[in-house]
Amino acid sequence: QKEVEQDPGPLSVPEGAIVSLNCTYSNSAFQYFMWYRQYSRKGPELLMYTYSSGNKEDGRFTAQVDKSSKYISLFIRDSQPSDSATYLCAMSETNYGQNFVFGPGTRLSVLP
Amino acid sequence: KAGVTQTPRYLIKTRGQQVTLSCSPISGHRSVSWYQQTPGQGLQFLFEYFSETQRNKGNFPGRFSGRQFSNSRSEMNVSTLELGDSALYLCASSLLAGVGNEQFFGPGTRLTVL
């Protein structure tokens, strides 16, 4: 079993839909959680960063962390074709360093 | 402001050879991290450098090494290449080290080992 699991997709939704992307993990020591977006042939870019449990909202994006269930989610409201990309979750036990553990990524297609 | 640049963008090598990849961080950034991305294993952390010192190292064999220069530019080296080393190698820079300091990724170097 991998340390971080993610449904690889592809996930196809119509424009304007609410998208839910999820990751589960096995290491209860993870405290720092991130979501990255990666367009084809590009490096990942940070979307959201959260510490411990709770919700965080940034524009159309909401990140949720449920440490008791070892489950994190990224919600995208009013999805746009430009949101079509691979979404990677990443987590870390400490805030020392950048040695995150990444999920395999979920490929999202938003259809016009 | 120029982004993270990586050279070369594409590379083809044969088994047993060695390779050196280069990364120039965003101006002013002192932390550089390297990652390997493959379809099977996803994105995996290789190592992180800050002010010319390796701060963290991922779970990769000693064939993978790196260094950082005084101008923050970084190189990674893979010796005795294996077929399984074929991957996209990504470099990321951040102003400071540590989670919470946003990393900016370069476009990557795609290495193919034949």
Side-chain angles (χ1 to χ4, degrees), chain A residues 1-10 21 23-27 29-52 54 56 58 61 63 65 72 85-107, chain B residues 3-6 9-10 21 23-26 29-51 53-60 64 66 68 74 87-110:
Chain A
Q1 184 190 7
K2 288 194 173 181
E3 207 168 3
V4 180
E5 305 265 12
Q6 226 180 323
D7 186 333
L21 303 166
C23 284
T24 58
Y25 60 94
S26 55
N27 184 353
F30 286 141
Q31 296 190 78
Y32 300 87
F33 304 91
M34 287 135 288
W35 285 95
Y36 283 83
R37 177 175 62 196
Q38 186 173 21
Y39 291 114
S40 181
R41 302 185 191 281
K42 300 276 190 181
E45 56 180 327
L46 182 66
L47 281 176
M48 302 284 284
Y49 158 67
T50 53
Y51 167 69
S52 194
K56 185 173 182 179
D58 184 0
F61 299 91
V65 175
I72 70 171
T86 297
Y87 289 80
L88 304 158
C89 61
M91 3 199 127
S92 175
E93 292 183 23
T94 73
N95 65 350
Y96 180 85
Q98 305 278 16
N99 49 331
F100 310 133
V101 178
F102 282 83
T106 298
R107 196 154 53 109
Chain B
V4 177
T5 57
Q6 292 187 246
R9 291 293 310 277
Y10 301 92
L21 311 180
C23 171
S24 292
I26 291 172
H29 284 194
R30 295 167 62 192
S31 174
V32 173
S33 299
W34 288 89
Y35 298 84
Q36 181 196 67
Q37 188 172 34
T38 60
Q41 298 297 318
L43 199 59
Q44 294 183 278
F45 171 79
L46 279 160
F47 24 66
E48 176 190 8
Y49 288 88
F50 181 76
S51 293
T53 301
Q54 187 179 87
R55 283 169 53 94
N56 289 288
K57 189 176 193 307
N59 190 24
F60 278 82
F64 292 81
Q68 186 181 31
S74 177
L88 180 68
Y89 289 88
L90 291 160
C91 165
S93 77
S94 58
L95 194 61
L96 298 172
V99 174
N101 291 285
E102 183 178 357
Q103 288 191 107
F104 295 87
F105 282 81
T109 293
R110 184 161 298 280

Do A:Tyr49 and B:Glu102 have side chains that approach each other closer than 4.5 Å (heavy atoms only, starting at C-beta)?
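The answer is no; the side chains never approach within 4.5 Å.
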Over 12 foreign heavy atoms within 6.0 Å of NZ, B:Lys57
yes
Under 4.5 Å heavy-atom distance to chain B, tell me which part of A:Gln38 shows up: side chain, backbone, both or neither.
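For A:Gln38, the side chain is the part near chain B, not the backbone.
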Interchain contact, A:Tyr36 with chain B, by part (heavy-atom threshold 4.5 Å):
side chain
Based on non-hydrogen pairs under 4.5 Å, which of B:Phe50, B:Phe104, B:Tyr35 is most in contact with chain A?
B:Tyr35
Hey, could you give me the [atom1]/[atom2] distance between [X] and [Y], rounded to the nearest 0.5 Å?
X	Y	atom1	atom2	answer
A:Thr86	B:Leu43	OG1	CG	11.5 Å
A:Phe102	B:Gln41	CZ	CD	14.5 Å
A:Arg41	B:Arg9	CZ	CZ	9.5 Å

Tell me, side chain or backbone of [X] under 4.5 Å from chain A's heavy atoms, or both, or neither?
X	result
B:Leu90	side chain
B:Phe47	neither
B:Gln37	side chain

